There are 2 protein chains.
Amino acid sequence: MTDMTIGKVADVVGVGVETIRFYERRKLIEQPPRPREGGYRIYSDATVRRLHFIRRAQELGFSLREIAELLGLRDADSNQADASDVRQRALAKLNDVDQKIDQLRQIRQGLAALVDRCPGQGPLQCCSIFDALEQSSGPDSRLTISEEIDMQTIRLSIGGMHCNGCEEIVRHVLEQQTGVKGCSVSHKSGEARVAVDESMISDEQLAEAVRGAGYSANIMKTTE
Amino acid sequence: MTDMTIGKVADVVGVGVETIRFYERRKLIEQPPRPREGGYRIYSDATVRRLHFIRRAQELGFSLREIAELLGLRDADSNQADASDVRQRALAKLNDVDQKIDQLRQIRQGLAALVDRCPGQGPLQCCSIFDALEQSSGPDSRLTISEEIDMQTIRLSIGGMHCNGCEEIVRHVLEQQTGVKGCSVSHKSGEARVAVDESMISDEQLAEAVRGAGYSANIMKTTE
DNA sequence: TTAGTGCCCGTACCACGGTACGGGGTCAAG
DNA sequence: CTTGACCCCGTACCGTGGTACGGGCACTAA
């Protein structure tokens, strides 16, 4: 169980030789002792287990950075680090994973809806997928800081939209307004994001236009 | 709805300015017309929709490369590309997503098991998580080509292992054998991967040793 | 001792999806 | 006509997890 050079270890652990040296550079494992300067690395059993640990943890979704932290905990052990710390990290990771699964499920839904709606044949012009994807991407994600003087992105909270058609209508109404440079509407989040020249139209006028189309509309503070 | 410079477009679409230029470099969008050489880019409505498309497709898990293909389909449309092509891609992506979800579910299971087993307090030495992760990572993943002369990785198919304890026993037995340089055992896949000096012990002797511990063992061709 | 692997090291490179920087040009309001 | 915000371009860099290359030693069996 001794005298393992890097190639053997790589073989046993199931990684590439270069990968082990890469882990060494990343301080995940120490450089093992070598007979003389420039000689071969001879790996101890403990290091091999450490490598197994790294692989397993990776399979569980831990990044190399996180793994380094876990290993660090153990290296500096018997001080105050205890099992609850490790448990915490595992729980946090479990949370991460759950979130990722949720995200993927949403993606799955979106895709499934798209596929459902698609006729599956005929010219592209009839393909609903392209149309659907060109709709607004929904302002539910990141907010951009926009503090322009003559052009601002106004966000409206809109009620009464139930489908893509409603989105379309609202989009159309907004785009008809003077000073509107562009907009994106999402019925899911009930929001619209409008790029507008404020010297030409007020946010209240915008909201009013939307109300005129039969929806409710409230101005959302941009500086949110 | 005209006269949108890059900043406004970025704001409306919800991406960074640099990102739009990046998409341009990646040929996802064309460079929009500019009044004169060196002037500002003025974006058309169509391009803004194209950007929305990109964002939406990204949210659905398509990579930029795939998105470029989708857009390419449309650009060269009315030829033979039809909706079924797009549908195929969406279905393929749906499949990808399902696979990813499955993987994450497995990871979730592993993590949950780990957390379950962990005492949640006390010194790290008692933390089962570290122990569990140090166990073999299971040779179920990639096979390494090993065609060494005096050292080979032998793979054994082992029956009768039901838990980590069994893994431990088998690992111990294997490591006790002369010539064994290292091993990794997985009860899940029912496999062991042993690094061994073949001049010192034969694969059959190894298998016999495992059988002596009460498990079944068969040699798997390394050149699999 | 010599051939044949295997390992050494440093450095560069891959995909992915951007982000940052810096020195300059453009544009519109005041 | 100046000022300030915005945009231009090219290029370099980020994090993530490695992989590849090439010239030169280390080791071992014959």
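Basis for what follows: all heavy atoms, side chains included, without hydrogens, waters or symmetry-related copies. Being a predicted model, the structure only gives us computed values, none of them experimental. Reminder, nothing fancy here: chain letters follow the sequence lines and each chain counts from 1.
- Not a single side-chain hydrogen bond (donor to acceptor under 3.5 Å, both in side chains) links A:R21 to another residue, sequence neighbours left out.
- For A:N95, the side-chain hydrogen bond (donor to acceptor under 3.5 Å, both in side chains) test picks out no residue, with sequence neighbours left out.
- For B:E208, the salt bridge (charged side-chain N to carboxylate O under 4.0 Å, His left out) partners at least two apart in sequence or on another chain are B:R211.
- Considering only side-chain N and O atoms, A:R34 lies nowhere under 4.0 angstrom from the phosphate OP1 or OP2 of D:dC25.
- By the salt bridge (charged side-chain N to carboxylate O under 4.0 Å, His left out) test, B:K93 pairs with B:E66, B:D96, sequence neighbours left out.
- Salt-bridge check for A:R89 with A:E69: passed, with a basic side-chain N closer than 4.0 Å to an acidic carboxylate O.
- When the side-chain hydrogen bond (donor to acceptor under 3.5 Å, both in side chains) test is applied to A:R34, the partners found at least two apart in sequence or on another chain are A:Q31.
- Among residues at least two apart or in separate chains, side-chain hydrogen bond (donor to acceptor under 3.5 Å, both in side chains) pairs with a member in residues 106-115 of chain A are A:R108-B:D98.
- Against DNA chain C, the stretch residues 95-108 of chain B makes no heavy-atom approach under 4.0 Å.
- A search for salt bridge (charged side-chain N to carboxylate O under 4.0 Å, His left out) contacts involving B:E18 returns nothing, not counting sequence neighbours.
- Considering only residues two or more places apart in sequence or on other chains, A:T47 meets the side-chain hydrogen bond (donor to acceptor under 3.5 Å, both in side chains) condition with A:S44.
- Comparing A:R21 and B:Y40 by the nucleotide of DNA chain C whose heavy atom lies nearest to each, the residue mapping closer to the 5' end is A:R21.
- Contact between the side-chain N/O atoms of B:T5 and the OP1/OP2 oxygens of D:dC7 is found at a separation under 4.0 Å.
- As judged by a 4.0 angstrom heavy-atom cut-off over every strand, B:R41 is placed among residues touching the sugar-phosphate backbone only.
- A rotation axis mapping the C1' atoms of four pairs onto the next four is fitted at both ends of the helix from C:dT1-D:dA30 to C:dG30-D:dC1 over five pairs, and the angle between these axes is 20° to 10 degrees.
- Applying the salt bridge (charged side-chain N to carboxylate O under 4.0 Å, His left out) test to A:R105 and every residue at least two apart in sequence or in another chain returns A:D102.
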Quick test: give all pairs of protein nitrogen or oxygen and nucleotides 12-16 of chain D nitrogen or oxygen below 3.5 Å, distance rounded to 0.1 Å.
| from | atom 1 | to | atom 2 | distance (Å) |
| --- | --- | --- | --- | --- |
| D:dT16 | OP2 | A:R65 | NH2 | 3.1 |

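- Contact annotation: A:T19 side-chain N/O to D:dG17 OP1/OP2 distance is not under 4.0 Å.
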